[in-house]
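Working notes, structure below.
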Amino acid sequence: MMTLCDPFGFGRAALDYWRDGLERSILYWDVMRQRGNQYLEHMEQTKPNVLGFKTEVVMDGRELEHPTNYELMRVLPPEGVEIDELKRPFVVVDPRAGHGPGIGGFKPDSELGVAMRAGHPCYFIGFLPFPEPGQTVEDVVEAEIAFLRHVSSLHPDTCEKPMVVGNCQAGWQIMMAAALEPDVFGPILIAGAPLSYWAGERGKAPMRYTGGITGGSWVTALTSDIGNGLFDGAWLVQNFERLNPANTYWKKQYHLFDNIDNEAERYLEFERWWGGHVVLGGEEIQYIVDNLFVGNRLSTAQLVTRDGRRVDLRNVRSPVVVFCSRGDDITPPPQALGWIRDLYEGEEDIIANDQTIVYCLHDTTGHLGIFVSGSVSRKEHSEFTANMDYIDVMPPGLYETKITRASERPDAELIEREYLLEFETRNFDELDQEVNPIAEDDRRFATVARVSEINLGIYRLAVQPWIQALNTPEMARWIRRMHPIRLGYRLMSDRNPLTVPLPVMADAVRANRHQVGHDNLFKSMEGIVSEQIVSNLNAVRDLRDSSLERIFLDVYGQPLLQAAVGLYGDAHVHRRRPGAEPEHRRFIQQRREELRERIAHGGEHEAVMRAVIYVLGGSPATDERNFKRLRASRAELEPGSSLDEFKKLVREQFFILKLDREEALATLPQLLAGQSNAQIDAHIDHLDHVLAASGDLSEHSSERFEQVKALFDQARPETLVEVPVKSAPVESAPVQPAPEAEVKAEQAPAKAENAETTAKPAATPEPKEPVKTQAKKAPAANKTTTRGQSRKR
């Protein structure tokens with residue numbers, strides 16, 4: 001360390017820094033050599049993946065009627081982890097977006113690791129480096145459906161269907177499969193998955209402008225033709241890297257150089273996946289770009305399979321959990337959530353379609369952090385896994401989840417795990433704060449789609465025959481090897497004679513390492529220079545992105561260009577909203593009529609479940625502790641029922657309350673007709689026990705419980721009297737998991753006029769004629785107790 005009393009301190013600091021820098025340089029290039037060797041070894045494997053767990057193949061996609069390069073693997077638990085074969089199977093599907101498979105089970109703290117520690121049988125759907133000849137996207141989707149059917153057949157004693165996790169590009173594949181075969185899927189978690197490709201916020205997510213800047217998907221066709229019908233995934237990886245040049249070209253590498261003594265293992269572990277490039281079929285990638293990236297046809301139900309089936313995401317019957325992050329510049333929240341707005345008129349439309357959609361927003365993690373971050377796996381993925389049974393029985397609607405640390409809550413003693421997952425209902429106004437829809441931008445992207453079709457047609461007519469005639473399989477392989485990303489790995493490996501001295505020099509350095517601390521003047525200056533380089537590269541990136549955005553908005557916003565491609569005459573021709581179709585409105589009306597006929601049908605089971613849902617609907621928010629209440633209700637009320645039967649009961653009673661709450665409550669005594677006093681007392685005690693499963697009820701819910709007990713008392717087998725139906729008070733509490741359905745009398749006339757086009761309940765009905773109910777003869781006959789007294793017993 002240099003001091004004023006030491007005139008040679010400056011020189012010694014410089015000498016120490018020079019020696020440390022030289023040693024770090026030797027160690028850094030040796031790590032690069034190891035990275036190259038690792039890459040070559042990985043790519044020479046027949047079935048490369050980066051899973052951190054042992055697996056066994058249980059089904060090979062190459063043996064299906066339409067062969068694909070996908071395979072289903074059973075993940076073997078690590079030592080000390082016990083698997084309960086009766087628990088719901090857990091299936092992770094990895095993205096095929098340029099990299100190889102395995103990111104979902106990359107670490108012990110990963111999606112697969114979390115699920116196995118929870119006791120779930122786990123499966124992994126991965127893929128091989130090269131596609132099968134003639135393989136299509138539809139073949140891949142059908143293969144995944146076949147895999148899930150096989151998983152269910154391997155667990156015949158489990159009534160719950162598999163939970164499926166689709167990461168990134170696998171998310172839209174899973175949603176397509178679930179739309180075509182909804183009965184195969186249990187709850188679905190799509191993490192960082194783009195479904196609405198036109199959505200985005202100006203100034204962010206510049207990747208959505210790529211198709212417009214390049215003139216459409218003709219570039220994809222050209223790249224596939226150069227590859228002799230194969231598309232090199234390294235091009236996709238290069239697009240990802242260009243999003244953040246500071247990290248790609250400096251920050252990531254400097255972090256290794258600066259911490260070379262303890263960072264090498266982590267760096268090599270990640271590079272094993274990042275450098276594992278795979279190849280896609282030309283037909284596959286063209287379908288993806290034309291129909292999804294540029295056409296945005298998935299979120300508007302415009303895709304039709306070769307056998308005539310429409311891919312409509314409204315057909316998905318499983319609960320869908322959307323996990324995304326505000327820090328993700330590859331799949332930002334608008335692209336992960338925009339499909340909800342594309343498909344539905346409003347939250348009531350979601351309910352009418354019997355769909356449960358839950359979304360969770362992380363504040364900071366990047367795209368890869370959603371899958372590989374240990375902290376995200378221990379928190380978000382652990383909570384999703386632990387609460388999937390709860391989510392599976394949640395009533396239809398749109399919800400947002402919030403995850404809080406249990407120790408920071410006043411009711412911490414009632415929470416079993418480190419975190420608590422809470423659910424709050426959301427409407428489309430709140431959803432729009434994340435999606436930020438801009439109609440003018442939709443027209444611009446629609447213009448890109450039309451221009452892309454024109455340019456692709458011209459390319460196929462005038463250029464493609466020449467490219468295909470000149471190209472050969474051997475030339476295509478040589479071009480893949482010479483890709484800048486692939487070439488970088490090969491040049492820094494043992495196959496380059498210039499790297500021969502590196503391992504010897506690195507061993508000598510490790511044996512006599514002279515490391516300097518950050519108190520060294522020159523080491524501190526190195527950090528300052530590094531930060532300045534990062535800032536400069538970020539400034540260049542921001543200038544590039546803002547310039548491309550401005551060009552995109554100006555070019556594709558020209559009315560003349562829009563008119564030339566046939567868009568300017570109709571402002572809505574580019575955005576087809578399936579939710580407004582006549583057949584959909586007829587479906588909603590038919591569904592309402594069927595439920596109205598069932599309001600007074602049923603017995604004690606329907607009455608008790610309706611009461612539970614009504615009481616719990618008074619909570620401003622709900623969490624997993626309400627699942628204890630529902631689970632207790634299932635165990636005591638329907639001990640022999642399956643989860644599907646219980647889910648059907650919960651949802652039907654929810655819909656009935658949503659359709660006509662007043663009549664649903666008024667008919668409770670009718671559902672209990674024929675019950676003895678002892679049976680009614682038992683029902684009330686059961687309700688008290690179920691509702692006490694997670695602590696005291698809120699004041700609002702307690703008032704509802706008293707109202708329910710009064711209605712149950714009217715069903716006691718005593719003198720029949722004429723009792724006018726008493727209207728239940730209209731309340732404004734939001735519908736929650738296991739909620740009541742409220743019919744607001746003050747709904748605006750304008751909304752009432754559109755009732756047949758949405759799932760909005762009808763206005764409060766007129767008071768009905770008095771009905772016969774059974775009144776208790778004397779107070780002494782009432783054996784019920786207050787909730788507190790019941791708990792004391």
Side-chain angles (χ1 to χ4, degrees), residues 136-142 145 166 169 171-182 190 193-200 208 211-212 216-217 220-221 283-317 320 322 331 334-345 349-350 353 355 357 435 437-439 441-457 556 562 565-587 757:
T136 67
V137 170
E138 290 184 24
D139 294 337
V140 172
V141 170
E142 292 294 340
I145 293 173
Q169 299 296 332
W172 58 259
Q173 289 180 358
I174 288 302
M175 291 294 283
M176 286 179 64
L180 294 173
E181 297 291 341
I190 49 177
L195 291 175
S196 185
Y197 299 86
W198 293 357
R208 66 182 181 137
S217 66
T220 304
E283 187 176 350
E284 286 182 283
I285 191 64
Q286 196 67 42
Y287 179 99
I288 294 170
V289 174
D290 285 338
N291 292 292
L292 304 181
F293 296 168
V294 175
N296 196 42
R297 296 184 179 122
L298 176 61
S299 67
T300 51
Q302 296 181 68
L303 288 180
V304 180
T305 63
R306 59 191 169 215
D307 56 356
R309 293 178 294 170
R310 183 172 295 279
V311 182
D312 189 343
L313 297 184
R314 295 175 301 170
N315 294 334
V316 178
R317 299 272 67 86
V320 179
V322 182
T331 305
Q335 292 188 9
L337 300 172
W339 64 278
I340 304 173
R341 293 196 81 264
D342 291 345
L343 281 175
Y344 299 104
E345 297 285 347
D349 200 13
I350 296 176
N353 275 276
Q355 280 200 313
I357 301 175
V435 176
I438 303 176
D441 284 359
D442 283 348
R443 191 199 301 272
R444 289 181 171 94
F445 283 103
T447 305
V448 172
R450 296 287 180 86
V451 170
S452 176
E453 293 174 358
I454 295 170
N455 289 342
L456 179 61
Y556 292 100
Q562 294 174 354
V565 297
L567 287 176
Y568 203 72
D570 186 351
H572 304 287
V573 71
H574 60 278
R575 177 63 79 179
R576 174 181 179 273
R577 187 181 294 279
E581 293 177 347
E583 58 268 25
H584 182 61
R585 294 198 294 268
R586 288 195 296 271
F587 161 76
T757 63

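Every value quoted in this text rests on a predicted model; they were computed, and no experiment measured them.
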### Task
Using the test side chain to side chain contact (heavy atoms under 4.5 Å, CB included), find all partners of Ala336 that sit at least two apart in sequence or belong to another chain.
Val322, Cys324, Thr331
### Query
Sequence neighbours excluded, which residues qualify as side chain to side chain contact (heavy atoms under 4.5 Å, CB included) partners of Val448?
Val294, Phe552, Tyr556
### Query
When you check the side-chain N and O atoms of Gln302 and Thr300, is any donor under 3.5 Å from an acceptor?
yes
Taking all non-hydrogen atoms of both residues, which atom of [X] and which atom of [Y] are closest, and how far apart?
X	Y	answer
Ser217	Gln286	OG-NE2, 3.2 Å
Asp342	Ser299	OD2-OG, 2.7 Å
Met176	Leu313	N-CD2, 4.5 Å
Ala193	Gly171	CB-CA, 3.6 Å
Arg341	Val435	CD-CG1, 4.0 Å

### Task
Would you confirm whether Arg317, through its side chain, and Asn315, through its main-chain N or O, come within 3.5 Å as a donor-acceptor pair?
yes
Student check: side-chain heavy atoms of [X] and [Y] closer than 4.5 Å:
X	Y	result
Ile350	Leu343	no
Arg306	Asp139	yes
Leu303	Tyr287	yes
Asn296	Ser196	yes
Gln169	Pro194	yes

Using the side-chain hydrogen bond (donor to acceptor under 3.5 Å, both in side chains) criterion, which residues pair with [X]? Sequence neighbours excluded.
X	value
Trp339	none
Asn291	Arg297
Arg444	Asp441

Separation of [Y] [atom2] from [X] [atom1] (nearest 0.5 Å):
X	Y	atom1	atom2	answer
Ile190	Ile174	CD1	CD1	10.0 Å
Leu567	Thr447	CG	OG1	4.5 Å
Leu292	Trp172	CG	CH2	5.5 Å
Leu180	Ile145	CG	CD1	5.5 Å

### Set of residues satisfying salt bridge (charged side-chain N to carboxylate O under 4.0 Å, His left out) with respect to Arg309, sequence neighbours excluded
Glu142, Glu181, Asp307
### Query
Sequence neighbours excluded, which residues qualify as ring pair (Phe, Tyr, Trp, His ring centres under 6.0 Å) partners of Phe293?
Tyr197
### Message
Considering only residues two or more places apart or on different chains, which pairs with a residue in residues 283-296 satisfy salt bridge (charged side-chain N to carboxylate O under 4.0 Å, His left out)?
### Response
Arg96-Glu284
